[in-house]
Enquirer: 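Okay, here's the structure, questions in a sec.
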2 protein chains.
Amino acid sequence: MMNLKHKRCTLNDIAELSGVSKTTVSMVLNGRADEFRIKAETRQKILSIAQQHHYRANIYAKALQAQRTNTIGLVIPDFSNFGFAQTSKILERLCRNNGLQLIISCSDEQPQQEAKAIENLLERQIDLLITTPTQQSKRCYPHLDTLPSLQLDRVIKDADHVPYVITDDQSAVAEMVSGMIEKHQLSEFHYLGGLLQLTPSEARLQGFKCGLQQAGLPLQADWIHHRDYRAESGYIMMQQLLQHAGRLPQAIFVASYGLLVGVLRFLNEHQLLNQLSSRQLHLATFDDYELLNCLPFNINSIRQNHEQIANQLFASILNLLDKKPSENKIIPAELCWRDQ
Amino acid sequence: MMNLKHKRCTLNDIAELSGVSKTTVSMVLNGRADEFRIKAETRQKILSIAQQHHYRANIYAKALQAQRTNTIGLVIPDFSNFGFAQTSKILERLCRNNGLQLIISCSDEQPQQEAKAIENLLERQIDLLITTPTQQSKRCYPHLDTLPSLQLDRVIKDADHVPYVITDDQSAVAEMVSGMIEKHQLSEFHYLGGLLQLTPSEARLQGFKCGLQQAGLPLQADWIHHRDYRAESGYIMMQQLLQHAGRLPQAIFVASYGLLVGVLRFLNEHQLLNQLSSRQLHLATFDDYELLNCLPFNINSIRQNHEQIANQLFASILNLLDKKPSENKIIPAELCWRDQ
DNA sequence: TTGTAAGCGTTATCAG
DNA sequence: CTGATAACGCTTACAA
């Protein structure tokens, strides 16, 4: 099945064809000919025969004997989420160019699917596992004790000894919120957030509070709204906000793009988008999309640095595979101001 | 390295612990106890010991001896592209739930990266390879002759014997274009497309032409504009279109979301979005995004059925792995009308 | 009902 | 400079 059409050729085949032993072929093909002082002639013959026959080493045999698979697992919530897709893509390229295979799975935010995906990867003897956990407890992730591990974007509270790479959500949100308050002399600022048990949600809310404080605007309890991250929730929170207050607020910070979509759909359906154009309502969101540059109103956004996240992740991978310790990385985000 | 903390336990370990042979353990753990009439008692003992020690079979050893890896490769241009991400995600779940491992790589539309990714997957002895090829010639894809293969979204012209799964772009575009012409009594319709050598581009353009014909609107040569699929190109084509005509046309079909972003950015920067709201300009695009429901103007779109694409892909995978032939699948798309 | 042994393709060790 | 041989963990004839 590995090869249906004509049986794949092995080290042994090459050895027989070249009239030397497996050992010799192995040395040559692994670039260790010098080390073992293989005759130039033998070297050439082996190389050319291997080439002719499209010899490809069997990594399964290699892994078996080396007790190392050079494979690492990545379990993210969803790769149709642009941010995760971006990070995965860059990381995959980095890995591939360095002889590592990245295997990506989706949890779909469902603990059960996540568990299956992890179990599956463990069966494949991965050398290291990167997760964006959906659960808050270390108990759900037994691999943390037995396998080199990294956390991406989210950190399990009782597992902060497992190194992580995250965005500095808090600073970015604080800076954006205080900036907007000052620029527009706001006396009011609402916040729509996602699942509070996730560390980024917490950091964003914390950032929001800091932002108010920095700008000297006292927080009011009914400014803060929380549900999950689905667009539907953005719609509902917006609806409730309006019902309660009887009018649109001066400004809203939306904690994710998913929520923003819901908010905009609500505003659109209720003919309120013009409040944005006329700057009666100021909007900012976490995460940045190109389409935000194409709208007839201005929405500030916070752009995560996926390139750097992937790079740091990769650096940590190399460290861990090398049995060196790896430090936590907190990557700054970039503010995209659009409300000139 | 496979396991840093405490050596992973093997079939042998379980055998010794249970006081039986590897063979017996293997049979029991593979659910073939009945077949070999293993004593219930022995069965129980083995099962419980394996459980206690979290025994996980080494798939590398298994693959080596079975000559089959149960792994399939998928090389797509970019998984930060929503459509591909969606399809991959569904396909990955399907595979995982059926004992297959899907390994996803990105070509980034670059033949060189694509070649590397494919070579890499071949080294991993994948049982089957799915590609969305960046090149037009069979010669660039030698694996097509040696490995069960599938094509997704794009078809290599001289390799149409390799089964494929694609969207019925042509019918969808034709229906949308003719529909808009009739609904709005259009006497003019421009088309902005991407790289013509790709089969979907060709199909979309073909669909556009059919749509005009169906609606009885004679095509004019300068209605058709082509570059690549980047947003930047949408911007530039829009700019040129305006320069040539000196005014906005009545309607434009944009062949991808990427291009649409460029078009919208151009319109926004030139304060022309109001032409959309006032229905002086009608816009339609290939691919559908939730944000299109959140805009103060209506853009028709064509939604590909990623669920069905993934399902058909999976069905074809099973067929091929089973050495059965696999048919080509052309999946209908859904029209999202917004211009009521 | 269970055990023995060979073999999958590789690399490392050690001996020539 | 090169070759035997064992070992990695698993399955499967074949034996008992």
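We name chains A, B, ... by the order of the sequence lines, and we start the count at 1 in each one. Scope of the values below: all heavy atoms of this structure, side chains included, with no hydrogens, waters or symmetry mates. A quick note: this is a predicted structure, and the numbers were derived from the prediction, not measured.
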Enquirer: Should the heavy atoms of other residues, nucleotides or ligands under 6.0 Å from CD of A:Glu41 be counted, would the total exceed 12?
Expert: no

Enquirer: Find the distance between CD (A:Gln101) and CD1 (B:Ile103) and round it off to the nearest 0.5 Å.
Expert: 4.5 Å

Enquirer: Is any side-chain N or O of B:Gln65 closer than 4.0 Å to OP1 or OP2 of C:dG9?
Expert: no

Enquirer: I'd like to know if A:Asp158 and A:Arg139 make a salt bridge, using a cut-off of under 4.0 Å between side-chain N and carboxylate O.
Expert: no

Enquirer: Give a yes/no answer on whether the side chain of A:Lys62 brings an N or O atom under 4.0 Å of OP1 or OP2 in C:dT11.
Expert: yes

Enquirer: Between the side-chain atoms of B:Lys22 and the base atoms of C:dT4, is any donor-acceptor pair under 3.5 Å?
Expert: no

Enquirer: Within less than 4.0 Å of OP1 or OP2 of D:dC10, is there a side-chain N or O belonging to B:Tyr55?
Expert: yes

Enquirer: Assuming nearest nucleotide by heavy-atom distance, tell me which of B:Phe36 and A:Ala57 is located more 5' along DNA chain C.
Expert: B:Phe36

Enquirer: So does A:Ser26 get a side-chain nitrogen or oxygen closer than 4.0 Å to the phosphate oxygens (OP1/OP2) of C:dT11?
Expert: yes

Enquirer: Select base, sugar-phosphate, or nothing to describe what A:Arg32 touches, counting heavy atoms under 4.0 Å on all strands.
Expert: sugar-phosphate

Enquirer: Closer than 4.0 Å, any side-chain N/O of B:Gln67 to the OP1 or OP2 of D:dT11?
Expert: no

Enquirer: Give a yes/no answer on whether the side chain of A:Thr23 brings an N or O atom under 4.0 Å of OP1 or OP2 in D:dT5.
Expert: no

Enquirer: Starting at atom CG of A:Leu11, determine the distance to atom C1' of C:dG7, rounded to an integer number of angstrom.
Expert: 16 Å

Enquirer: Between A:Asp153 and A:Gln304, is the side chain to side chain contact (heavy atoms under 4.5 Å, CB included) condition met? List the steps.
Expert: CA-CA 11 Å; A:Asp153 190 61; A:Gln304 299 194 59; 4.2 Å; yes

Enquirer: Below 4.0 angstrom from OP1 or OP2 of C:dT2, is there any side-chain N or O of B:Thr24?
Expert: no

Enquirer: Any chance NE2 of B:His54 has more than 12 other-residue heavy atoms, nucleotides or ligands included, within less than 6.0 Å?
Expert: no

Enquirer: Starting from the 5' end of DNA chain C, give me the residue, B:Ile38 or A:Met27, whose nearest nucleotide shows up first.
Expert: B:Ile38

Enquirer: So does A:Thr10 get a side-chain nitrogen or oxygen closer than 4.0 Å to the phosphate oxygens (OP1/OP2) of C:dG9?
Expert: no

Enquirer: Which nucleotide wins on minimum distance to the side chain of B:Asn30, given the candidates D:dT11, C:dT4, D:dC10?
Expert: D:dT11

